[in-house]
Amino acid sequence: MNELEAKNRISELREQLTKYNEAYYEKDAPLVEDYEYDMLMKELAALEEAYPQFITEDSPSRRVGGTAAAAFAPVHHARPLLSLENAFNENDIAAFFTRLVKSGIEAPVFTVEPKMDGLTIAVTYRNGRFVSAATRGDGVTGENVTANAAAIKAIPELLTEEIPVLTVRGEVYMPKRNFAELNTEREDNGEPAFANPRNAAAGSLRQLDPHVTASRRLEVFFYDVIEGGDFLGQDQMLERLASLGLPVNEERRRASDLSGIMAYIGEMTERRHDLPYDIDGMVIKLDDIRARDEIGATAKYPRWAIAYKFSPERAETVVENIVIGVGRTGALTPAAELKPVFLAGSTISRATLHNEDNVRDKDIRIGDHVLIQKAGDVIPEVVMSLPEKRDGTEREFVMPAFCPVCGNAAVRPEGEAVRRCLNVDCPARLYESLIHFASKKAMDIDGMGQGVIRKLLDAGLLTDIVSIYHLRREKVAELGGFGDLSADNLLKAVEASKERPLSCLLFALGIRHVGERAGKVLASSF
Ligand code: IVH
């Protein structure tokens with residue numbers, strides 16, 4: 001589904017659900033069964049989560065039981081949360097520097113920080129205790145996300161001191177690794193993937209159910225004080241926040257001239273891909289907080305800070321082939337095999353194409369020149385094809401109606417983006433299911449990784465999940481690469497997995513829609 005289709009589907013769903021709501025709540029005359037209503041609501045929520053740009057406060061997904069009570073009540077910020085002016089090159093930063101000197105700051109000292117690509121949050125503590133949290137909104141009025149923020153472990157409930165009032169501003173973000181895992185899980189479940197960690201963080205914070213927020217493992221860095229506390233400099237303020245127990249980014253540097261600023265920006269441009277989180281630029285701040293107050297702000301931006309934005313990194317390459325991967329739920333996912341190209345810190349030879357609609361919408365053909373980028377700096381994806389470079393030898397991709405591994409029918413149910421192999425005994429599904437079953441968050445069978453599973457399958461020692469528990473030590477020890485000791489260790493790990501809690505077993509079984517959290521809910525209620 002592309003952005004336009006998502007937008008249309010969202011408005012269609014809203015219209016339908018509003019009609020059903022009226023019938024149910026105002027006329028007491030339901031038009032549909034609860035189940036159908038729930039499914040439509042779920043579809044709407046998933047789309048709004050993946051495309052937060054289309055979220056509106058009057059959406060049926062934001063209303064609780066017929067009333068127009070917005071899910072997130074408006075909050076007036078104690079001080080406007082200003083945005084930052086952008087700089088795109090050294091000249092822009094030089095101009096910023098000159099402006100500061102002209103306004104009377106003689107020898108400015110700066111703190112240069114990574115610009116986190118997340119979602120702004122303002123968190124208030126009273127007497128050292130977490131009391132509320134709000135999104136930035138339009139800067140003047142945000143949304144009350146207290147319940148969800150309380151579910152984020154990285155936001156401490158208590159500070160180390162009982163200071164009367166402290167409101168801090170920071171950025172909630174999703175680490176790259178969590179983002180990659182979340183998207184794999186969503187694609188497995190046929191849910192729309194998030195475009196980047198920023199969208200994923202925003203979607204996870206603006207949730208009706210705080211348990212969902214909790215399960216998304218968000219992190220936060222604080223970088224400003226809105227209310228409470230009097231500081232001399234940025235660096236000193238950050239140290240103070242850290243000593244109060246608030247997460248601050250240790251990655252920052254002081255600089256006292258343009259060349260110092262540019263040197264750090266140059267270094268971070270190189271290093272950004274090695275960071276565990278996404279950054280989209282660097283923020284350059286006048287360190288002296290008293291001086292900041294003197295030079296003030298325009299209606300939108302402070303005059304004492306500027307954001308240097310990295311240019312998005314893309315690379316051109318050629319699609320040599322389009323191949324199909326089969327996931328554990330049978331989902332067929334097309335991927336482009338690419339002429340290897342270096343991009344954002346690594347060599348890329350394969351990129352996901354998400355699903356057949358995406359290939360069609362972007363008109364990506366085998367042999368095409370394409371632009372690729374990394375979603376959230378991690379997952380390579382094809383942004384667009386370059387049709388002007390075609391020479392007529394390119395071939396259109398046709399999604400197979402059969403599983404490329406087992407040859408059974410692959411079916412795409414109406415309304416779903418994903419085509420699935422329906423054969424529960426498909427070898428590709430079995431292989432992926434075993435990997436999932438043995439993985440850390442599932443049954444955590446140490447030593448049973450991809451290579452070992454492949455070997456055990458090829459030797460016929462594994463035939464299904466249950467066969468893991470019938471493995472015989474002598475048989476395993478006979479396999480190439482295994483000795484008595486490693487066979488012993490593997491069987492010990494299998495034995496130990498029997499102690500895993502029921503919730504992990506439920507998750508490990510790989511039932512569609514039963515993720516880690518659903519596993520816990522099911523285990524605790526049964
Ligand atoms: S300072 C009044 N520092 O970038 C100064 N902002 O494009 C407030 N951001 O709205 C901003 N990392 O949400 C600051 N280290 C950082 C930041 C940061 C990310 C965000 C912030 C702001 C946006 C501006």
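Every heavy atom of this structure was used, including side-chain atoms; hydrogens, water molecules and symmetry mates were not. The structure displayed is predicted, hence computed values, not measured ones. Just follow the structure's listing: the first ligand is 1, and inside any ligand the first atom is 1.
Applying the ring pair (Phe, Tyr, Trp, His ring centres under 6.0 Å) test to residues at least two apart or on different chains, none of the pairs has a partner in residues 113-147. Legend: salt bridge (Lys or Arg N to Asp or Glu O under 4.0 Å) pairs involving residues 73-100, not counting sequence neighbours, sorted by first then second residue: Glu85-Arg99.
The pair Asp280-Arg198 does not count as a salt bridge, with every side-chain nitrogen at least 4.0 angstrom from each carboxylate oxygen.
Arg253 meets the salt bridge (Lys or Arg N to Asp or Glu O under 4.0 Å) test with Glu267; sequence neighbours excluded.
Between the side chains of Thr111 and Asp287, at least one donor-acceptor pair of N or O atoms lies under 3.5 Å. Checked by atom type, the side-chain pair Glu3/Tyr51 shows no donor-acceptor distance below 3.5 Å.
Protein residues are said to neighbour a ligand when one of their heavy atoms lies under 4.0 Å from it; for ligand 1 these are Leu84, Glu113, Pro114, Lys115, Met116, Thr120, Arg169, Glu171, Tyr223, Val283, Lys285, Pro302, Trp304.
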